[in-house]
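Remember, it's 1-based here, ligands and their atoms both numbered in the order they're listed. Heavy-atom basis, side chains included; hydrogens, waters and symmetry copies ignored.
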Amino acid sequence: MALAAVVAAASLALASCGDDDDGGDEPAGGDTGQASTEFEFFSWWTGAGDSEGKQALLDLFAEQNPDVEITDAAVAGGAGTNAQAVLTTRLQAGDPPDSYQRHVGAELQPDIEAGLVEDLTWLYDEEGWRDVFPQDMLDLITVDDRIYSVPVNIHRSNLLWYNPAVLAEAGITAPPTSWDEFLQQAATLEAAGKIPLTIGPSWTQKHLLENVLLGELGAEAYSGLWDGSTDWESSEVVAALDTFTEVLSHSNLGEAAADWQPAIDPIIEGDAAYNVMGDWANTYFATAQGLAFETEYGVTTSPGTEGIFNFLSDSFTLPEGAPHRDLAIEWLRLAGSQEGQDTFNPIKGSIPARTDADPALYTDYLAMPLTDWNDPEIELVGSLAHGVVAGGAFNTDIDSALGEFVASGDSAQFASAVKEAYEANQ
Ligand code: GAL
């Protein structure tokens, strides 16, 4: 697996990454010795397409802990934009849940630095997880020789979802393989009365941005945006940003949907052709809407990204001061186990972070990421919108700059703002 480039980029965003051959700390104190009877898990998995996998895992946890009262403290809003604000308030107030969701990579770093999460290195040793998680994933999540979260999955960001009937109606035989080709198709689709591309709230615009940059710049230059080796102000990057603005001008930005699911609805209804979204969308199409893969909905890599896997991973933590620490540890054991991952992922629309998935469970769309993730020829890059390559203040600065950029279309100004933010946050 070629995760090395991602690791290199992300590790620059992280304070420091060490070898992971250290035994780690023994479990910290804090247990009362009495078994807890309550457990609270905090996530942003609520709506259709997001909640089903979580529910399956919570159900399995409930089955294994029949006397435990489980609180599913989910805050609605794709990609966790609302949930993360609520979580920050709770953590600052010393009111942590027992376990919470965070993306692996730069997003977790501020929590580690602020001492908000416990070191789980001992759990990796106890469970033998160093042998079942890919070494590159272990390197990515190791900070100063310690590991602070349990990755439950691998999601893919660079996907173009579409309605085959809408394409056929407009006389389009295949989805575009470059953004140039998308722009040509957009004219055809508009002439046929269809919306070429749908879009939702700010984070979906950021999701689109990362994949336009990736498609236009390629894997290496894209990764360089996050480690300082690609100049944001270079003509290539500014041109790619211009492409983003042009692509967006063929979307329903003026009537942007409130979240990722309603952004997909016009495609299902036959009013729109394409949407760029991660593979949680598969659960929305297939499970929530009951549509047939390939005939009623289709998917391919987003334009210009064939052979590239833009990844992200959801992970669970053990907050310092978790009120029911013993159950939180049991929850993490389950999330990191083969049974837990093979229960959660086929329903969630992701593949396990572990290397020993049962391939028979990953069919239809899910066969593709499982094959690609394990293909040494595939180039791996980390997602911007989902916490791998940028976190903390850098990420917040990108969000504000992007809001202005989407409104103004001023690529040069956005490039300068992000470059400045990158330098300021080093
Ligand atoms: C991502 C998350 C996915 C999915 C998606 C939409 O950030 O990693 O698991 O939930 O947001 O909400």
Q: Evaluate the side-chain proximity of Leu138 to Ile147: yes if any heavy-atom separation is below 4.5 Å, no if none is.
A: yes
Q: Quick one, list the residues around ligand 1 where some non-hydrogen atom comes in under 4.0 Å, by chain and residue number.
A: Trp44, Trp45, Asp50, Gly78, Ala79, His103, His155, Trp260, Trp280, Leu312, Asp314, Lys348, His386
Q | Over 12 non-hydrogen atoms of neighbours within 6.0 angstrom of CD in Glu190 | A | yes
Please set out all donor-acceptor pairs under 3.5 angstrom arising from side-chain atoms of residues 74-81, sequence neighbours excluded.
| residue | atom | partner | partner atom | Å |
| --- | --- | --- | --- | --- |
| Thr81 | OG1 | Gly78 | O | 3.4 |

(Q) Can you confirm whether more than 12 heavy atoms, excluding those of Glu38, are under 6.0 Å from its CD atom? (A) yes
Q: Please list, chain by chain and in numerical order, all residues satisfying salt bridge (charged side-chain N to carboxylate O under 4.0 Å, His left out) with Asp364, sequence neighbours excluded.
A: none
Show the atom names and distances, to 0.1 Å, of all donor-acceptor pairs under 3.5 Å that link a side chain in residues 383-395 to residues at least two apart or in another chain.
| residue | atom | partner | partner atom | Å |
| --- | --- | --- | --- | --- |
| Ser383 | OG | Glu210 | OE1 | 3.1 |
| Ser383 | OG | Glu210 | OE2 | 3.0 |
| Ser383 | OG | Ala385 | N | 3.4 |
| Ser383 | OG | His386 | N | 3.1 |
| His386 | NE2 | His207 | ND1 | 2.9 |
| Asn395 | OD1 | Lys206 | NZ | 2.7 |

